[in-house]
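To keep things clear, I will list the structure first and then write my remarks on it.
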2 protein chains.
Amino acid sequence: GVAVGGEGGGEGKGLSCGLTPNSQPKGRLCFLWQKKSFEVINCVCLCLCEPDRVLVRVQDLTPENADQLIWLRARVHTSRAKGKQCFLVLRQQQFNVQALVAVGDRASKQMVKFAANITKESIVDVEALVRKVEQKIESCSQQDVELHIERIFVISQAEPRLPLQLEDAVRPDGEGEEGMEMWKCLSVCGCVFILPKTTTSQAIFRLQSGVCQLFRETLTKKGFVEIQTPKIISAASEGGANVFTVSYFKTSAYLAQSPQLYKQMCICADFDKVFCVGPVFRAEDSNTHRHLTEFVGLDIEMAFSYHYHEVIDSITDTMVQIFKGLRDNFQTEIQTVNKQYPSEPFKFLEPTLRLEYTEALAMLHEAGVEMGDEDDLSTPNEKLLGRLVKEKYDTDFYVLDKYPLAVRPFYTMPDPNNPKYSNSYDMFMRGEEILSGAQRVHDAQMLTDRAIHHQIDLEKIKAYIDSFRYGAPPHGGGGIGLERVCMLYLGLHNVRQTSMFPRDPKRLTP
Amino acid sequence: GVAVGGEGGGEGKGLSCGLTPNSQPKGRLCFLWQKKSFEVINCVCLCLCEPDRVLVRVQDLTPENADQLIWLRARVHTSRAKGKQCFLVLRQQQFNVQALVAVGDRASKQMVKFAANITKESIVDVEALVRKVEQKIESCSQQDVELHIERIFVISQAEPRLPLQLEDAVRPDGEGEEGMEMWKCLSVCGCVFILPKTTTSQAIFRLQSGVCQLFRETLTKKGFVEIQTPKIISAASEGGANVFTVSYFKTSAYLAQSPQLYKQMCICADFDKVFCVGPVFRAEDSNTHRHLTEFVGLDIEMAFSYHYHEVIDSITDTMVQIFKGLRDNFQTEIQTVNKQYPSEPFKFLEPTLRLEYTEALAMLHEAGVEMGDEDDLSTPNEKLLGRLVKEKYDTDFYVLDKYPLAVRPFYTMPDPNNPKYSNSYDMFMRGEEILSGAQRVHDAQMLTDRAIHHQIDLEKIKAYIDSFRYGAPPHGGGGIGLERVCMLYLGLHNVRQTSMFPRDPKRLTP
């Protein structure tokens, strides 16, 4: 819907707008126009069609603009009429400013009424005088100025009833499960799409965009090449568990559970160092705070010269560059999120702490945990280990190296010095796994032997094994879950908070 | 397989290698070791385990290195034994250098024999003396030096028979269909994976990586935020044609044909300007040179102030920055591709040429084409128009603006001045479409009316329409096909050449 209030008339000017709105001037400074038509909707400009006019950003409004007449496009965040005045809070993303329409020289009674009736979340253009205020406006991001509105135009009118009040969505909720409850509720009413409007969500997803950018920039500087890998594949590389099936013309296909095979093929094709960023699909019926059926994988694979620790060093350095970049360039976003979800600042060491699996087991044993040398870590034990490591080394990020061979996939390179262990590693943030990686077996015969040992059907992985028959450099890599990195960096408790449109066994919309 | 030749013995040193190879020193400078075992394969280092040793890059070998003893890891590109000598060409990606093993002080007869028996495409470590040559070696990228090998170790042994000779893969083939033939043939023998090894493919995919990087850098500078959109969706937004179905636990889902709905939701959630890079799926049974069932979409969406040409200007400027970046930073890659597939340099104007649909029709009419005002352009007419535009304006890139409303999707904003046309546009490179975009209808009622006009089931697009009920800024955008941009920039004739692992109705592997 569109409605216009403010000084009337005037032919549309500039670009394509040739419309003459059927204006109804009322007094010097106001006209109302409720007509809703094709021409009004698709021509933003209306009588506002002034391509040379500059729209000011809310975040740029400071006392330096005092007494200037400015144009602004923003959402009506709140509106409160009081006698001959109407107070509005106008919002742009996480920034907002107080605005005022008052009966007097600059506005008529009708205009105040018009402003008071604009629905929350509508988008308006206002022409207003910037005024410095005596007392700070604590409720707004722009605390030192307010706007005295002279003209107001509704660019897009929101429906009167919102499915959820934004104020409710940004109310601090407790740990874990409560946050989860809100998500469930939103999912039920089908209006998750409103969430990214909150200042918290805005901040989360800007930071997420930063993680991707820092990841790619760091790797590009290190000589990595970005590759694009297919998501529709003909065979499930690890034997077919937890894989989504796609109808593909007259046959069936699968959704890739990881780009690993393709990354490795690029290494075999002499790309030397590659990375990719893209969706990864897991048909796992896990309804936990950290599992999604579709997430964004930040994947790395590289040939190395002499030792797979060259790979670990590249990955940990990349993570450190990401942590530093976030710390240095995303403080506003971090603090915005902390207001709703308080957490300790994320700590990391340089160089990154690398523990061997046996050392970790010793720490856990000392803390009273009973587990065998070749057992995998349970999620609670991972968390406990995270706390022990934090106490001892004061870091939220570390590498756990040399996992037992028995708990890793068949393509993992065994440790040459101790066949019970492997050249593989996980990386942890705040005690939760964010990356799993390893040196890969690059010899076709050895890979075949390992697959047989794991009782994997060789027919199904023939293409994979054949990739290594024509000369393969020693290589390794790993895959990072973007949503987990963002969740754990910010100290959040549900991966759905860092996925804009989360997918889990029960959620497919929006 | 692993085999080692060269000066023998010595304990493995450094990092994890604690192996003592059972060396069989034969003469001063050679030992052969054909043992193939677990320890040999997964410890690259063997007796080479010298983490402080620097491996030189082929591309850095110049006469400045003359008389230096260097270490190098590379593939055996070709090998030719001749009496007491063996000539090897050693390759790293698109760079190669001639190397020589000759019986004498530095190598024994056995070592020459050993070198001569190394299979093509095997990866070797060599220690060699760099020698300046009198006469340029025309067949190598490093023409001024050759390597006199003192030690040679096989790091990874290729099988003796390659499924395709690399020399065949880089042989210049003619236009269009021939290139296609090679792809078909490769597809049949199941060895497409060897293609990226060719210097041409290396160059193509490095350039592709550059396109993505330039796209993101330019948009990030313009204030765009990167978003991640889901690929598994609950409903096909445009009514269900050409969409892949996924089994999703106990229900069905679809693969996203475009991120458009999600981009638009982000605009409604005040992200202002967003982009995303990710796979796009089309279940279209089109077997042409320019259709893939899965391709990489470079997508843009932005709110604008007064006119949708602000969107066109942002997109065309982004394309121009990409073209300039490729021209300035990827000349080696462009020339490498041109050697196999000659083409004219890509031409573009600043600012980008923008033609209106009616102007284009007039040009086509003048050239003898008969078509109605509201007809869509056929592919041959697009190509013809591209040639006419090139003749008249000397540009390979232009925008065609104001398409007939009738040929565009229901969410396209009509032209306020002429309801036969729309605020929509395509962009073309060398006469082929690379982007389709438009101002979107941002008013829920108008969108409903347009959907009804297109006889679309409103139930199926309810979520989409509802996104616009809570205030939506005027906005527009478009989606670019990455593979097409690379194909057309380089003047190639099949989109399969710019997709590392192409997917079409008949191809799902590798």
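Below, read A as the first sequence line, B as the second, and so on, with proteins coming before strands; counting in each chain starts at 1.
Of the atoms belonging to B:R503, heavy atoms from both backbone and side chain fall under 4.5 Å from chain A. Heavy atoms of B:F295 lying under 4.5 Å from chain A are absent altogether. Looking at B:L55, the atoms closer than 4.5 Å to chain A (heavy atoms on both sides) all sit in the side chain, from C-beta outward. Interface residue B:V246: backbone and side-chain heavy atoms are both found under 4.5 Å from chain A. Only the side chain of A:Q208 comes within contact range of chain B, with heavy atoms under 4.5 Å apart. With a 4.5 Å cut-off on non-hydrogen atoms, B:S252 touches chain A through its backbone but not through its side chain. Of the atoms belonging to B:E294, it is side-chain heavy atoms, and not backbone ones, that fall under 4.5 Å from chain A. If you measure heavy-atom distances from B:E483 to chain A, you find no contacts under 4.5 Å at all. The parts of B:D272 that come within reach of chain A are both its backbone and its side chain, each placing non-hydrogen atoms under 4.5 angstrom from that chain.
Ranked by heavy-atom pairs under 4.5 Å with chain B, the first of A:A472, A:S122, A:P279, A:A283 is A:A472. In terms of non-hydrogen atom pairs under 4.5 Å with chain B, the most contact-rich of A:P230, A:S247, A:G278 is A:P230. No other option in A:I232, A:T229, A:D449 has as many heavy-atom pairs under 4.5 Å with chain B as A:I232.
Under the 3.5 Å distance criterion, with hydrogens and angles disregarded, a donor-acceptor pair is assigned to the side chains of B:Y248 and A:T293.
A salt bridge links A:R216 with B:E226: the distance from a Lys NZ or Arg NE/NH1/NH2 to an Asp or Glu carboxylate oxygen falls below 4.0 Å.
Ring planes of B:F244 and A:F249: perpendicular class, angle over 60° (limits at 30 and 60°).
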